[in-house]
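Here is the structure we will look at, set down as structure tokens.
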Amino acid sequence: MANIVVSGIRPTGNLHLGNYFGALKSFVRMQEENECFFFIADYHSLTTHPTPGDLHGNVKTVLVEFLACGLDPEKATLYIQSDLPETAELYLLLNMNAYIGELERCTSFKDKIRTQPQNVNAGLLTYPTLMAADIIIHKAHKVPVGKDQEQHLEMTRTFANRFNRIYNVEYFPEPVAYNFGENLVKIPGLDGSLKMSKSDNETSAIFLADAPEVIRKKIMRAVTDTGQPDPSKPRSQGVENLFSLMRYFSDAFTLETFKSAYATGQIRYGDMKKQLAEDVIRFTTPFREKMLALAADESYLSKVARMGAEKAHASAAKTVREVREIIGFKHF
Ligand code: ADP
Ligand code: TRP
């Protein structure tokens, strides 16, 4: 039997190269061999109180970008979390056996208390129960997530096992992290940081949707080092990052050329950046073109969303019906 795989992405803006290589590319591969449910986590995004317009716009952006990256609505179930209200019911039921103490100990919650003390809402506290509901509603076996989500996945296992134990059933499988071959991929940032990220610094990230001139500008401004290149010293993190990016986007000959220029102290970072920018643009252009076409095709997007909601509903409604029975809800 094929594994059931579930993963969600919060609609917080455009996808950058890190998201593509670290997640989307693997999702595209997974949809070939597993029964995949990929969704846009818009209930989760309410913890930050987006305006109605922003919320819808962000969901559309992610849907368009998922499709442009190659997620195939015929192969995977591609849906929007809020189109599946069964998730909210399972979340409510799981919350009855989720303890305040364990939720308060969650690292992501503690981080939020520190970073946004003015908005510590109950949705943040129960973020892990909602995430658990997302996962076990499809009785998932595997969840492809980054390292920062490991604790949430651990809590999902706790809630699933606890349900089984309380009701003395073997109903929910224990979901484990999906270790895809490339889970060690880490795309570095243009600002000298080890990980490209949209949250750290706007200028760190290159988005798949960036226009060529934007990409050129960002790369030309990337951090390198000061003074003359000195091959006897280890490369600065900024320079190291440019070489890493070249490994992904440039051909082997180009990379070798700049490596030997570095080794002889003759490298010109301006030339290297120009070359890298053109290579990145060559990579992103087909994605960008697909995005522009998809974004203009509202009827296709609505068909995809409807189809995903229907498929997700078939799986979720069955789970919630069975869970209600196990709990002891009965119709008169
Ligand atoms: P961001 O750090 O920009 O907010 P998210 O935390 O929303 O990105 O990440 C969404 C997905 O993309 C996760 O699976 C994460 O592991 C992956 N990802 C994000 N940045 C990178 C990166 N620089 N390299 C590899 N994978 C990344
Ligand atoms: N919490 C995840 C993140 O911030 C997003 C998410 C929500 C998710 N529900 C999920 C991921 C279920 C995997 C499975 O990245």
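Here the structure is a predicted model, which is why all the values come from computation and not from measurement.
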note = Apart from F332 itself, members of its ILVMFWY cluster (side-chain separation under 4.5 Å) are none
In the single-linkage hydrophobic clustering (I, L, V, M, F, W, Y; side-chain heavy atoms under 4.5 Å), do [X] and [Y] co-cluster?
X    : Y    : value
V169 : V320 : yes
V62  : L17  : yes
V176 : Y178 : no
L15  : F38  : yes
V185 : L242 : yes

Show every ring-ring contact (aromatic ring centres under 6.0 Å, His included) that has at least one partner inside [range], sequence neighbours left out.
range            : answer
residues 59-82   : F39-Y79, Y79-H138
residues 275-307 : Y20-F283, Y20-F287, F21-F283, F249-F283, F283-F287
residues 90-122  : none

For residues [X] and [Y], determine if any side-chain heavy atom of one lies less than 4.5 Å from a side-chain heavy atom of the other.
X    : Y    : result
Q275 : T257 : no
Q116 : L124 : yes
L103 : P128 : yes
L190 : N241 : no
K198 : N19  : yes
P188 : F243 : no
R216 : E278 : yes
V323 : L93  : yes

Could you tell me the separation between the [atom1] atom of [X] and the [atom2] atom of [Y], rounded to the nearest 0.5 Å?
X    : Y    : atom1 : atom2 : result
Y262 : I267 : OH    : CD1   : 8.0 Å
I40  : L63  : CD1   : CG    : 4.5 Å
T87  : M131 : OG1   : CE    : 13.0 Å
N119 : K112 : CG    : NZ    : 9.5 Å
I187 : S204 : CD1   : OG    : 11.5 Å

Measure from the side-chain N and O atoms of [X] to the backbone N and O of [Y], and report whether any donor-acceptor pair falls under 3.5 Å.
X    : Y    : answer
D42  : S82  : yes
N164 : F172 : yes
Q151 : T107 : yes
T126 : T129 : no
T61  : G13  : no
N3   : V5   : no

Shortest non-hydrogen separation from [X] to [Y] and the atoms involved:
X    : Y    : answer
P212 : I281 : O-CD1, 3.6 Å
D72  : Q31  : N-OE1, 2.9 Å
N34  : A2   : CA-CB, 4.4 Å
S7   : F27  : OG-CZ, 3.6 Å
L90  : A133 : CD2-O, 3.8 Å
D279 : S250 : OD2-OG, 2.6 Å

request  = Sort and list the pairs that fulfil salt bridge (Lys or Arg N to Asp or Glu O under 4.0 Å) and have at least one residue in residues 137-149, not counting sequence neighbours.
outcome  = K147-E150
ask   = Which pairs, with at least one residue in residues 292-314 and sequence neighbours excluded, count as a salt bridge (Lys or Arg N to Asp or Glu O under 4.0 Å)?
value = K60-E298
message = Test side-chain contact (heavy atoms from CB on, under 4.5 Å) on I137 and V6; report intermediate values, then the result.
response = CA-CA 10 Å; I137 204 155; V6 173; over 6 Å; no
note = Hits for side-chain hydrogen bond (donor to acceptor under 3.5 Å, both in side chains) against H44, two or more places apart or cross-chain, chain-then-number order -> Q81
Sequence-distant partners of E104, side-chain hydrogen bond (donor to acceptor under 3.5 Å, both in side chains), two or more places apart = none
Sequence neighbours excluded and cut-off under 3.5 Å, please list the side-chain donor-acceptor pairs for residues 155-163, or say none.
unit_1	atom_1	unit_2	atom_2	d
T156	OG1	H152	O	2.9
R157	NH1	P175	O	2.9
R157	NH2	E154	OE1	2.8
T158	OG1	E154	O	3.1
N161	ND2	R157	O	3.2
N161	ND2	E174	OE2	2.8
R162	NH1	N97	O	2.6
R162	NH1	E102	OE2	2.6
R162	NH2	E102	OE1	3.0
R162	NH2	E102	OE2	3.4

ask   = Should K233 and D225 be marked as a side-chain contact (heavy atoms from CB on, under 4.5 Å) after you check the CA-CA gap, both sets of side-chain angles, and the distance that decides it?
value = CA-CA 12 Å; K233 288 207 199 112; D225 55 18; over 6 Å; no
task = Could you walk me through whether N121 and H49 pass side-chain contact (heavy atoms from CB on, under 4.5 Å), step by step?
result = CA-CA 10 Å; N121 57 63; H49 306 158; 3.7 Å; yes
Please indicate whether [X] has more than 12 foreign heavy atoms, meaning atoms of other residues, nucleotides or ligands, lying under 6.0 Å from its [atom1].
X    : atom1 : answer
H56  : NE2   : no
E213 : CD    : yes
D251 : CG    : yes

request  = Carefully, step by step, assess V28 and L71 under the rule side-chain contact (heavy atoms from CB on, under 4.5 Å).
outcome  = CA-CA 5 Å; V28 171; L71 288 187; 4.0 Å; yes
remark   = For D271, the salt bridge (charged side-chain N to carboxylate O under 4.0 Å, His left out) test, sequence neighbours excluded, returns R268
key: Residue list, salt bridge (charged side-chain N to carboxylate O under 4.0 Å, His left out) with R114, at least two apart or on another chain   = D111
message = Out of the candidates I4, V143, V145, only one should pair with I135 under the side-chain contact (heavy atoms from CB on, under 4.5 Å) rule; please name it.
response = V143
message = Suppose the criterion is side-chain hydrogen bond (donor to acceptor under 3.5 Å, both in side chains): which pairs have a residue in residues 316-332, not counting sequence neighbours?
response = E89-R324, Y171-E322, K318-E322
